[in-house]
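Below is one structure, written out as structure tokens; comments come after it.
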Amino acid sequence: MDYNKIAKDIIKNVGGESNITSAMHCATRLRLTLKNYDLINEEKLTDIPEVKGVFKSGNQYQIILGSGLVNLVCDEVKKILGLEENDVSVESEEEGSIIQRGVKLLSDIFVPIIPAIVAGGLLMGIYNVLTAEGLFVAGKSVIDLYPQFTDIASMINIFSNAAFTFLPVLIGFSATKKFGGNPYLGAAMGMIMVHPDLLSAYSRGTGVEIPVWNILGLSVEAVGYQGTVLPVLAVSWILANIEKRLHKVTPTWLDNLSTPLLSILVTGFLTFILVGPVLRTAGDLLAEGITWVYSSLGFIGGALFGLFYAPICLTGMHHSFIAIETQLIAAAETTGGSFIFPTAAMNNVAQGAAVMAVLICTRDKKIKSICSASGISAFLGITEPAMFGVTLKLRYPFYGAMIGSACGSAYIAATNTLAVALGTAGLPGFISIAPQSWGNYFIGMGISIIVAFIVAIVLYKRFITPEENKKLAVTTKEVESNVIYAPIKGEMKTISACSDPMFASKAMGDGVVIIPNEGMLKSPVNGQVTMVFPTKHAIGLMSDEGNEILIHIGLDTVNLEGKPFELFVENGQTVTVGQPLVQIDLDMIKKEGLSTETPVLITNQKEFDIIGAESINYEDKIMKVK
């Protein structure tokens, strides 16, 4: 597979290199921040075989590629754009609501460390399988039956605990980097917080005497922060800000020595004296509070969370669950584990079941091919192709999946089925569940699948029309042969009404003149760009039917030397109806005392009929060539 070619195709169809301000990825999606979202050619983008779906969320354009592939394609995109791993778009940070920015912040911090946490979680699941009594034989575990595996199980336990024991190191590195500080100082601060000379956080509250430091008469607990989240996030922010401020005021010859020293020293004292103890308590209360609410509401709470989990995913707010879930699992001895993971699993398989319902109901081969691949992907824990490619487009299967997820999640909550590790929230996710709850986990999945499947079929047959069914199969824009569509929004007149005598005389060709009221010029045909004037004020096109078209933006605008125009295409480029060609600064043209009248001419002397109304919008039919 040519990852470089995939990256180039994606870049080309989102407006080119100059239109991209930042690129990053999550588990399945390439996330691009663009300058102008009108330049996206979504039809051609979704025609790329490896692209499973596209959508815009907040200020990011997200392209679904799937796990594994997205990493490789994102690397190629960054190489082409000349972006470094730590490049951050300032524009993207400032856009969106406070909630959106907060969710994005947590996502950017935790997504890079998810592989380490998932690896530890899955290893923890394997350890649980080896040590759980009664899983295969009554009253005995695997290592009881086969003692030769005891040391292997012990090693796996060490491997699995490492990511959670040293979680502050991982979060410290990622968070400090995100906050604009030196990530290695963040990692060092994380190491300080889990130093072996400190009492382990897991031993706190077990009756062990807590060691203290006496700092000028102030008693400070010498306790580590293993498995914590909130204290490390706050400490990383403080560290990054102290470091950045010191860089500004410290002489360059002293900066490399004093800035790291003072940053760690000041942050370290603040951590153990104030920030750490306060936020450790806050984190514990948050985890315990969420668990209490979930437990108190029982199956009703589970049903509500399962019902709204898919809509929450659409907003991207599910990324904020990572911090909460990590805290719940790290404190599994008191919380019992995480209810978020099994709920996510119920939602994912419900989406897969709804897609399979569409697969059975539809007769369209194109839709069937989309459903088969995206349905399997959802059952395995990746729902974006199913949600954005099928269920959301048809709406009612999405409702069926929500209802199925609610029913399965209600059962999971009623049976107190919790995850003790992170992993793949789908059929393979049982390994992240406590072994004694495997049966309930699969029963919950069965309920989600059956209910979602049945409800989706009923709703599909009851509400979905053949026209809506065709939404999935359309990948290219259908246009009428020999029809020219409006390239710009405004008022249309015959070319003889143009105020420029040369155009009005039809010396350059016959057609229409448009007085625009919006500044985006789009392609009026499927075809090719045959000519672009150096001053960008005029562009020539050849339609697929052989119609030669000239669009002249404004009158006498050649004298403006291209200043009011931002060109999005080049000579020889293939274009489709509605594809942006030029961004026009209409105000600049008017301030120069020039007319914005835009002639649209057929220059190869073909006869035509004007078929559009006087007031036209983008892509309205304006001329029919005979």
Side-chain angles (χ1 to χ4, degrees), residues 52-53 55 297-315 318 339-364 366-415 417 425-427 429-430 439-473:
K52 298 177 175 65
F55 66 100
L297 292 176
F299 74 93
I300 296 175
L304 289 174
F305 191 36
L307 179 69
F308 292 108
Y309 192 87
I312 288 171
C313 288
L314 297 181
T315 67
H318 64 299
F339 59 87
I340 298 175
F341 178 88
T343 303
M346 299 305 111
N347 169 75
N348 292 353
V349 297
Q351 290 288 336
V355 168
M356 290 304 172
V358 176
L359 176 66
I360 290 175
C361 292
T362 186
R363 295 182 180 179
D364 190 288
K366 172 88 174 167
I367 297 176
K368 284 183 180 290
S369 66
I370 295 172
C371 289
S372 58
S374 61
I376 293 171
S377 174
F379 283 130
L380 295 176
I382 305 297
T383 56
E384 283 90 344
M387 287 173 60
F388 295 103
V390 181
T391 61
L392 267 177
K393 286 186 176 180
L394 295 176
R395 298 195 314 280
Y396 296 105
F398 186 76
Y399 302 152
M402 287 175 62
I403 295 170
S405 174
C407 294
S409 298
Y411 179 83
I412 287 295
T415 55
T417 302
L427 292 175
F430 72 92
N440 288 327
Y441 180 76
F442 284 116
I443 292 172
M445 278 196 165
I447 293 172
S448 291
I449 291 170
I450 292 169
V451 172
F453 185 79
I454 293 173
V455 174
I457 285 181
V458 171
L459 294 178
Y460 187 99
K461 291 183 178 293
R462 174 69 178 82
F463 294 106
I464 293 182
T465 64
E467 288 74 23
E468 286 182 300
N469 197 17
K470 290 177 182 177
K471 285 182 182 179
L472 294 173

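Predicted model only: the values in this text are computed from it and were never measured.
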Step-by-step side chain to side chain contact (heavy atoms under 4.5 Å, CB included) determination, Val458 to Tyr396 = CA-CA 9 Å; Val458 171; Tyr396 296 105; over 6 Å; no

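- The minimum heavy-atom distance between Phe299 and Ala413, with the atom names listed, is CA-CB, 4.0 Å.
- The backbone N or O of Ala401 lies less than 3.5 Å from no partner atom in the side chain of Ser405, so there is not a single donor-acceptor pair.
- Classification of the Tyr441-Phe341 ring pair by plane angle, with boundaries at 30° and 60°, yields parallel.
- With rounding to the nearest 0.5 angstrom, the CZ atom of Phe430 is 10.0 Å from the CE atom of Met445.
- Judged by distance alone, with hydrogens and angles left aside, the side-chain atoms of Thr343 form no donor-acceptor pair with the main-chain N or O of Gly306 at under 3.5 Å.
- Nearest heavy atom pair, residue Gly400 against residue Leu459, reads N-CD1, 4.1 Å.
- Taking both residues in full, the closest heavy atoms of Asn347 and Ala310 are given as OD1-CB, 3.2 Å, listed atom of the first, atom of the second, then distance.
- A distance of 11.5 Å separates CZ of Phe442 from OG1 of Thr417, quoted to the nearest 0.5 Å.
- The two atoms that bring Ala350 and Ala452 nearest to each other are O-CB, 3.5 Å, heavy atoms only.
- The main-chain N or O of Ala425 is found under 3.5 Å from a side-chain atom of Asn348 such that the two form a donor-acceptor pair.
- Rounded to the nearest 0.5 angstrom, Met356 CE and Ile457 CD1 are separated by 12.0 Å.
- Atom OH of Tyr411 is separated from atom CG of Asn440 by 3.5 Å, given to the nearest 0.5 angstrom.
- Here the closest heavy-atom approach between residue Tyr460 and residue Pro397 is recorded as CD1-CG, 4.5 Å.
- When all heavy atoms of Ile360 and Phe453 are compared, the pair lying nearest together is CD1-CZ, 3.3 Å.
- With rounding to the nearest 0.5 angstrom, the CD1 atom of Ile449 is 12.5 Å from the CD atom of Gln351.
- For the atom pair CZ of Phe308 and CE of Met402, the computed distance is 6.0 Å after rounding to the nearest 0.5 Å.
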